[in-house]
Amino acid sequence: MYGVFLNVSGVRCMIVGGGRVAERKASALLVSGANLTIISPVLSKSLEAWKAEGKFHHINRPYQRGDVASYSLVFAATDDLAVNTSVYEDCHARGIWVNVADQPDLCSFYVPATICRGDLTLAISTNGANPSLAKAIRLSLEEAFGEEFALFLTMMRQVRNEIKNKIADPDERTEFYRNLLQSDILKDLAHQDLSFAWQTFATKIKEWEAHERTACRNSSKPVGIDTDQLGLSTDPTHTQ
Ligand SMILES: C[C@@]1(CC(=O)O)C2=NC(=C\c3[nH]c(c(CCC(=O)O)c3CC(=O)O)Cc3[nH]c(c(CC(=O)O)c3CCC(=O)O)/C=C3\N/C(=C\2)[C@@H](CCC(=O)O)[C@]3(C)CC(=O)O)/[C@H]1CCC(=O)O
Ligand SMILES: NC(=O)c1ccc[n+]([C@@H]2O[C@H](COP(=O)([O-])OP(=O)(O)OC[C@H]3O[C@@H](n4cnc5c(N)ncnc54)[C@H](O)[C@@H]3O)[C@@H](O)[C@H]2O)c1
């Protein structure tokens, strides 16, 4: 399997079926900004509520052959094997990417269990072998990856260009980020302490600049962050 993240914002997506599985797929698609249509004679309670809020277009009848024609991404999620197979055949004939809830062999893609923290997305797949394991791993990782990662990425987005300009060499940048992640910055953010986090960031930039000046004065030394010289431990449990 080849993992990708799809930009479905505004993309015409269709779900055939309106039960529990359709609801789970719809929820993730709507959060991602998909232009969603659901074909089903019956909708679950949550889907009815989202419909009332105008979140998707509902075609209130059973699937008819060819309904998928103008869609880019399709999910067959009825409880009827024959209907799901027809949806697959219609998509396959038109080169449309299709997910078939009850037949992994017919899927052109699987939906992974996902954790979203702002710009961070973690996706877990078992290649269809055991979705329950994917869910269990998601639940355990959710504890380890809190909202601090969303805050961290918001910060990094803001300073990305500045850092690129300041630290032009890609290897040095990698070293800088590695070093930054060994600092207290994520702990600061876990306590929602943004000003501490920015201070930690500023300290790391100053340390890099000081090192850069030293490197320029002593041209026989290779340019790069020497964590020993800075007194920084490479032990990830070490805190500054
Ligand atoms: C990850 C997740 C994403 C999502 O759907 O959002 C997802 N299934 C989830 C949960 C889940 N699914 C099932 C159970 C009940 C326990 C069990 O039977 O195992 C539970 C657990 C629960 O509900 O607690 C039953 C089930 N699932 C499939 C079949 C058909 C078959 O295998 O034949 C059957 C048997 C139906 C039956 O026998 O009637 C097939 C697929 N399910 C996939 C994804 C794809 C493979 C993903 C991978 O690579 O691992 C794939 C191939 C197609 C697809 O749907 O994309 C989501 C967890 C979200 C989360 O909570 O994090
Ligand atoms: N992939 C997964 O993650 C996963 C998980 C659990 C179950 N399943 C399988 O997925 C299927 C759906 O499960 P569910 O729990 O959502 O079922 P469900 O009974 O809750 O919902 C089925 C839905 O399909 C609709 N439907 C039936 N015939 C239709 C037709 N001709 N056209 C359009 N809609 C039609 C029904 O109105 C209903 O809304 C089952 O076959 C189940 O075995 C897959």
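Just so you know, ligand 1 is whichever comes first in the structure, and atom 1 is the first atom listed for that ligand. These numbers were taken from a predicted model, which means no experiment stands behind them.
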Inset, instruction - From atom 5 (O) of ligand 1, work out which of Glu23, Arg20, Lys25 has a heavy atom at the shortest distance. - result: Lys25
Inset, instruction - Consider every N or O of Asn130 and every N or O of ligand 1, then say whether any pair is closer than 3.5 Å. - result: no
Legend entry - Val42 N/O to ligand 2 N/O under 3.5 Å: yes
Inset, instruction - Considering the heavy atoms of Ala77, write down every atom of ligand 2 situated less than 4.0 Å from one of them. - result: 12 (C)
Legend entry - Spatial distance of atom CG (Asp90) from atom CD (Gln64) [nearest 0.5 Å]: 11.0 Å
Legend entry - Under-4.0 Å protein heavy-atom contact, atom 46 (C) of ligand 1: yes
Legend entry - contact_flag Gln103 ligand 1 heavy-atom lt 4.0 Å: no
Legend entry - Distance-only N or O hit between ligand 2 and Arg61, under 3.5 Å: no
Inset, instruction - Could you list the atoms of ligand 2 found under 4.0 angstrom from a heavy atom of Val16? - result: 33 (C)
Inset, instruction - Below 4.0 angstrom from a heavy atom of Ile39, which ligand 2 atoms are there? Numbered from 1 as shown, please. - result: 33 (C), 34 (N)
Legend entry - Protein non-hydrogen atom found under 4.0 Å from atom 25 (C) of ligand 1: no
Inset, instruction - Taking atom types as modelled, find out whether Ser86 and Arg65 have a side-chain donor-acceptor pair closer than 3.5 angstrom. - result: yes
Legend entry - Element-labelled atoms of ligand 2 that are located less than 4.0 Å from some non-hydrogen atom of Gly17: 24 (O), 25 (C), 34 (N)
Inset, instruction - Using a 4.0 Å heavy-atom threshold (strictly under), name the region of Ile124 that reaches ligand 1: side chain, backbone, both or neither. - result: neither
Inset, instruction - May I ask you to check whether over 12 heavy atoms, not counting those of Trp198, lie within 6.0 Å of atom CH2? - result: yes
Inset, instruction - Say whether Tyr110, considering both its backbone and side-chain N or O atoms, lies within less than 3.5 Å of an N or O atom on ligand 1. - result: no
Inset, instruction - Name the closest protein heavy atom to atom 1 (N) of ligand 2, giving the residue it belongs to and the distance to 0.1 Å. - result: Ala101 O, 3.1 Å
Legend entry - Straight-line distance of Lys55 NZ to Ile38 CD1, nearest 0.5 Å: 12.0 Å
Inset, instruction - Give a yes or no on whether Arg157 atom CZ has more than 12 heavy-atom contacts from other residues, nucleotides or ligands under 6.0 Å away. - result: no
Inset, instruction - Could you state whether Leu186 and Leu194 fall into the same hydrophobic cluster, counting links through intermediate Ile, Leu, Val, Met, Phe, Trp or Tyr residues with side-chain heavy atoms under 4.5 angstrom apart? - result: yes
Inset, instruction - Using distance alone, with no hydrogens and no angle criterion, decide if Asp184 and Thr200 have a side-chain donor and acceptor under 3.5 Å apart. - result: no
Inset, instruction - Could you tell me whether some N/O pair between Thr114 and ligand 1 is separated by less than 3.5 angstrom? - result: no
Inset, instruction - Number the atoms of ligand 1 from 1 as they appear, then name those within less than 4.0 Å of a heavy atom of Ser132, with their elements. - result: 16 (C), 17 (C), 19 (O), 21 (C)
Inset, instruction - Give yes or no for whether the N/O distance cutoff of 3.5 Å, strictly under, is met between Ala129 and ligand 1. - result: no
Legend entry - Per atom 62 (O) of ligand 1, closest listed option by heavy atom (Glu142, Arg138, Met1, Lys135): Arg138
Legend entry - Identity and separation of the nearest protein heavy atom to atom 21 (O) of ligand 2: Gly19 CA, 3.2 Å
Inset, instruction - Give the residue, atom name and distance (to 0.1 Å) of the protein heavy atom nearest atom 35 (C) of ligand 2. - result: Thr78 CG2, 3.5 Å
Legend entry - Polar contact flag, side-chain donor to acceptor under 3.5 angstrom, Arg12-Thr37: no
Legend entry - ligand 2 to Val21 polar contact by distance, N or O atoms, under 3.5 Å: yes
Inset, instruction - Answer yes or no for atom 50 (O) of ligand 1: protein heavy atom present at a distance under 4.0 Å? - result: yes
Legend entry - Heavy atom of the protein closest to atom 37 (O) of ligand 2 (residue, atom name, distance): Ser40 OG, 3.2 Å
Inset, instruction - Looking only at protein heavy atoms, identify the closest one to atom 43 (O) of ligand 2 and say how far it is in Å. - result: Asp102 CB, 4.4 Å
Inset, instruction - Look at atom 30 (C) of ligand 2 and say which protein heavy atom is nearest, naming residue and atom and giving the distance to 0.1 Å. - result: Tyr63 N, 3.8 Å
Legend entry - Check: Ile115 main-chain N/O paired with Arg138 side-chain donor or acceptor under 3.5 Å: no
Inset, instruction - Validate the cation-pi geometry between Arg117 and Phe145: distance from NZ or CZ to the six-membered ring centre under 6.0 Å, angle to the ring axis within 45°. - result: no
Legend entry - Closest to atom 34 (N) of ligand 2 (judged by heavy-atom distance), picking from Gly18, Pro62, Pro41, Pro131: Pro41
Inset, instruction - Kindly state if atom 38 (O) of ligand 1 has a protein heavy atom within a strict 4.0 Å cut-off, that is, under 4.0 Å? - result: no
Legend entry - Check: Val83 N/O within less than 3.5 Å of ligand 2 N/O: no
Inset, instruction - Classify the contact between Val21 and ligand 1 as side chain, backbone, both or neither, using a heavy-atom distance cut-off of under 4.0 Å. - result: neither
Inset, instruction - Scan Phe109, Tyr110, Tyr63, Trp97 and name whichever one has a ring-ring contact (aromatic ring centres under 6.0 Å, His included) with Phe75. - result: Phe109
Inset, instruction - Nearest heavy atom to atom 28 (C) of ligand 1 wins, so pick from Ser125, Ala113, Ala101. - result: Ala101
Inset, instruction - Answer side chain, backbone, both or neither: which part of Pro112 comes under 4.0 Å from ligand 1, heavy atoms only. - result: backbone
Inset, instruction - Just need the protein heavy atom nearest to atom 27 (C) of ligand 2, so name the residue and atom and give the distance. - result: Asp79 OD1, 3.3 Å
Legend entry - For atom 3 (O) of ligand 2, the protein heavy atom that lies nearest, with its residue and separation: Arg24 NH2, 2.6 Å
Legend entry - Structural part of Asn99 in contact with ligand 1, heavy atom criterion under 4.0 angstrom: side chain
